[in-house]
Amino acid sequence: MNTDLYIYNSLSRQKEKFTPLHEGFIGMYVCGPTVYNDVHLGNCRTFMSFDMIYRYLRYLGYKIRYVRNITDVGHLLDDGEDRMSKGARIDNLEPMEVAQKYTNGFHHMMKVFNTLPPSIEPRATGHILEQIEMVQDIIDHGYGYVRNGSVYFDTLKFAQKTGEYGKLSGRVIEELIAESRDNLKNQDEKNHPSDFAIWMKASDEHLMKWNSPWSVGFPGWHLECSAMSTKYLGREFDIHGGGNDLKFPHHENEIAQNMGACGCQPARYWMHTNMLLLNGKKMSKSDGNTISPEELFTGNSVHVTKGYSPMVVRFFMLQSHYRSPNDLTDEALQAAEKGYKRLFEAIKNLGSLTSPTTAPTPLDSRCDEVIVTAFEDMNDDFNTPKALSRLFELVTIINSLKEGQVPVSDISQEGLERIKSAFRTIIFDIFGLLDEADTDSGPVDGLMNLIIDLRHQARNNKDWSTSDKIRDSLNELNIQIKDGKEGTSWGYK
RNA sequence: GGUCGGGUGGCCGAGUGGCUAGGCAGAGGUCUGCAAAACCUCGUACAGCGGUUCAAAUCCGCUUCCGACCUCCA
């Protein structure tokens with residue numbers, strides 16, 4: 001078995017063997033949400049992807065410091081207004097009240113999707129000092145200049161000296177230079193159009209502002225990630241992640257800031273998740289092509305015919321690779337829902353299986369091979385759809401054993417235990433799925449056993465009208481009766 | 001316009017020079033009192049046009065369509 005992990009590195013545009021900076025330890029930084037609005041479903045995909053990655057790295061035995069920030073300042077709109085301030089103005093709230101409200105909502109949604117909390121979740125407003133220090137470092141190294149109280153990053157100088165600007169996003173600095181010839185005159189304070197603010201002087205009516213050596217103002221958006229990743233993970237760390245729409249300018253500028261301040265490329269592996277589409281198009285509020293997590297759960301949207309549970313959504317996302325675009329459609333969700341239920345039904349069946357066989361069997365080796373392959377798929381840049389397909393190969397075997405199409409003695413008890421263990425590890429620990437049907441407690445099981453028993457008696461008496469009435473009435477209640485070789489079981493449809 | 005990534009069967013979605021992806025839907029069958037469930041079998045596929053090759057969905061070129069970024073965005 002190939003136990004090396006390969007990760008697609010956006011910087012090199014190829015899969016690379018993963019080697020951490022410090023053996024056994026991983027530092028991972030993921031760009032978190034801007035908390036000025038309810039969390040976007042596409043955002044959820046990104047964080048679920050990195051949750052799966054975090055979980056898999058943990059499974060591999062690494063000790064991980066997973067840092068995911070909360071952006072609560074510095075994110076400018078077209079008109080120059082800060083997102084937080086705008087949210088505050090609209091809702092008539094303190095900026096921090098807005099941040100708290102949507103942070104709470106974000107945390108709730110992350111919990112609903114069963115993502116693990118990061119090790120550290122720093123806020124931009126809690127790290128103003130670190131950001132000011134970084135601006136100073138950048139100025140000291142000659143890559144920042146001050147204009148009217150604002151500080152800009154000198155991309156041209158940085159590009160010429162290091163040759164690094166544009167590497168991640170594929171931008172060519174010569175083109176940026178060429179562009180500048182036309183635009184230079186219109187540039188207010190900047191030397192070059194691609195220069196970006198690392199500190200901005202605040203206007204009087206600006207709500208969120210701090211003292212600095214240059215002005216009363218606020219940090220540029222790209223700066224927080226540079227400052228906080230450096231603070232918690234060091235100048236160099238292993239993995240930096242985010243949505244691929246952040247590649248430029250955000251991540252490109254982050255690299256420039258880190259290099260400008262400390263002289264080194266911050267992350268060894270840059271990982272980018274792809275977009276979530278809705279009906280083949282990008283989600284967009286303005287043209288109505290959008291759906292919120294809540295609407296998806298309740299079915300209260302023109303885009304879906306019914307609600308889909310958080311775990312079905314998570315399963316749906318696992319069915320595509322994190323680097324591929326994923327098209328959310330009602331039909332695809334229905335398919336995912338059935339697949340999810342089939343998988344968890346098999347897990348239930350697996351739990352009830354025991355075998356009298358003690359010696360290894362051919363079926364044992366076949367299953368072992370499938371399991372090994374599933375982990376190899378995960379080692380190949382976290383290929384969850386492929387690993388999932390292996391699991392479904394086992395689902396068929398499990399069901400055959402359960403229903404007697406294949407004698408249970410064909411597999412050994414130890415072989416069964418290995419499948420159980422692999423399922424636990426992959427489905428629950430790595431994929432982060434939960435059994436949503438597993439909420440029954442109290443009298444329901446007892447009642448169902450009683451009903452099934454009565455139906456069994458009716459069937460023995462060939463009283464088909466009674467037995468069918470029980471079956472059909474339960475069916476109307478969304479309870480499905482399953483007559484198997486080993487007796488009758490039931491489940492929610 | 002520039003940069004990057006895509007177009008795979010009815011739907012979603014892996015694969016990336018010769019070898020079954022998988023899920024859902026469909027057809028036939030086994031089982032069943034009848035069904036359902038489960039299992040078995042089956043089908044149609046690689047956007048189009050050229051080229052390279054013994055061999056291409058996979059590599060190259062062109063065309064076309066879609067998405068992301070270039071301006072706030074996961």
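We name chains A, B, ... by the order of the sequence lines, and we start the count at 1 in each one. Given the structure is predicted, the values throughout are model-derived calculations rather than measurements.
Side-chain to base pairing of Asp468(A) with G33(B): one donor and one acceptor N or O lie within less than 3.5 Å of each other. The base of A74(B) lies close enough to the side chain of His40(A) for a donor and an acceptor atom to sit less than 3.5 Å apart.
Remark: of the listed residues His251(A), His250(A), Lys247(A), Glu252(A), Glu252(A) is the sole one forming a side chain to side chain donor-acceptor pair (under 3.5 Å) with Ser169(A). Across Phe297(A), Phe47(A), Phe50(A), Phe106(A), a single residue satisfies ring pair (Phe, Tyr, Trp, His ring centres under 6.0 Å) together with Phe113(A), and that is Phe297(A).
No donor-acceptor contact under 3.5 angstrom links the side chains of Ser324(A) and Asn326(A), judged on distance only. Side-chain atoms of Thr273(A) and Ser49(A) include no donor-acceptor pair closer than 3.5 Å.
For Asp468(A), the salt bridge (Lys or Arg N to Asp or Glu O under 4.0 Å) partners two or more places apart in sequence, or in a different chain, are Arg471(A). Residues passing the salt bridge (Lys or Arg N to Asp or Glu O under 4.0 Å) test with Asp377(A), sequence neighbours excluded: Arg390(A).
Pairs passing the side chain to side chain donor-acceptor pair (under 3.5 Å) check and including a residue from residues 394-406 of chain A, sequence neighbours excluded, read Asn349(A)-Asn399(A). Applying the salt bridge (Lys or Arg N to Asp or Glu O under 4.0 Å) test to residues at least two apart or on different chains, none of the pairs has a partner in residues 32-49 of chain A.
Note on Ser324(A): a side-chain N or O is less than 4.0 Å away from OP1 or OP2 of A14(B). Remark: Asn326(A) is not in phosphate contact with C12(B), judged by side-chain N or O atoms under 4.0 Å from OP1 or OP2. Residue Asn399(A) has a polar side-chain atom (N or O) positioned under 4.0 Å from OP1 or OP2 of C39(B).
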Secondary structure of RNA chain B in dot-bracket form (Watson-Crick or G-U wobble, distances below 3.5 Å, | marking inter-strand pairs): ((((((((.[[[..)..(...]]].(((((.......)))))....[[[[[..)....]]]]])))))))....

Reading nucleotides 19-31 of chain B 5' to 3', which nucleotides get B (base under 4.0 Å from a protein heavy atom), which S (sugar-phosphate only), which -? --BSBSS-----S

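Between the CG atom of Asp195(A) and the P atom of U71(B) there is a distance of 13 Å, given to the nearest Å.
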